[in-house]
Amino acid sequence: MIIQLQPSISASEKDIILTRIKSLEYKATPVTTQRGSYLVAIGKKEFDIRQLGHLKGIADIHRVSDDYKLVSRKWKVNHTQIDLGEGVVVGNGSLSIMAGPCSIEHEDQVQNTIDHLVRNNVRMMRGGVFKPRSSPYAFRGLGVEGLKMWYALARKAGIKIVSEVMQVSQIAEMYDYVDVFQVGARNTQNFNLLDELGKVDKAVMIKRGISGTIEELLYSAEYVFSAGNEKLLLCERGIRTYERASRNTMDVNAIPILKEKTHLPVIADPSHGIGIRDYVEPVALAAVMAGADGVIYETHEKPEEAASDGQQTLDFDESTQLITRMRKAFDLLQQF
Ligand code: PEP
Ligand code: MN
């Protein structure tokens, strides 16, 4: 059950509500986010909702049968929009495109990517400065200095930054230079990180765990929301299955399922989803047609020289073609 509180609620009104919830044998967790105050009440007993509904300070009460509550669409039917400023909004019924290299490498690479995005009217750039690598000997990113360089160039071009945060201490270091904190597939269930990201007033995109279920992804989002941050995006990036013909198995199924289960925007990552450059486009188009709010993919001026994930990275010509085709697919979908 989610009890939405009125902004003007007094402490004594809140106490009365909490006492009543306790007497119904429910456990209440107070949640305050950038957008509102709630009590999330968990319990089993059936009771007439009017026993609470008349209490002062309550704006609305919703019964949510899902085990995750605040991210469920059962209480918030309208889809959430994430406003990143300067006219960049995710989840508002347009197709959000986020593109850029797997890793930020140097200034020329960043500037060339920005120019490519600007030419194609793409407003969000991805790139890692802290890289989770399977091998400790692989390139692990430029760190926060690289992020600052990227930020300076991106801001001049009106481009928003999506970048992965791997640990709690990086949140403060990165805060001033990112627009969306990305939680990578290896950290989907790093609950300390999720809790801390719940305390910041900045968008967070959570990727699905490598072997994670859709429900586990929703619980991870519930962690961030219940810790105070509603500015959440979810990302399907493929899961590990027994199939070895592709790097991961892009679970296109997850897109309509998530759109039904949660009010949060759903982004698709076909680059990691399939892991093979030639197949990124068909998978991206499938994700658009499946109803994704956006697509995030890897592009590099010279993919064969990329410091990481070159095998799944599009060059700028391929990227331009993909952008054009995704927009066409999206327009077609609007006509159905
Ligand atoms: C990435 O976006 O470059 C990345 C490491 O993704 P994931 O966490 O999905 O593997
Ligand atoms: Mn990558």
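Counting starts at 1 for both ligands and their atoms, in listed order.
Side-chain N/O atoms of Glu298 and Gln312 include a donor and acceptor closer than 3.5 Å. Remark: the His79 side chain and the Asp293 side chain contain no N/O donor-acceptor pair separated by less than 3.5 Å. For Ser103 and Glu105, the side-chain atoms include no donor-acceptor pair closer than 3.5 Å. Side-chain polar atoms of Asp115 and Gln111 form a donor-acceptor pair below 3.5 angstrom. For the residue pair Thr188 / Ser220, no side-chain donor-acceptor distance below 3.5 Å is found, with atom types taken as modelled.
Because its NZ or CZ atom is both nearer than 6.0 Å to the ring centre of Phe47 and within 45° of the ring axis, Arg63 counts as a cation-pi partner of that residue.
Among protein residues, Cys102, Arg126, Lys131, Pro132, Glu164, Gln182, Gly184, Ala185, Arg186, Lys207, Arg237, His272, Glu298 come within 4.0 Å of ligand 1, judged on heavy atoms.
Of all N, O or S atoms in His272, the one lying closest to the Mn ion (ligand 2) is NE2. If you look at Glu298 and ask which of its N, O or S atoms sits nearest the Mn ion (ligand 2), the answer is OE2. Within Asp309, the N, O or S atom lying nearest to the Mn ion (ligand 2) carries the name OD2.
Ring planes of Phe181 and Tyr175: tilted class, angle from 30 to 60°.
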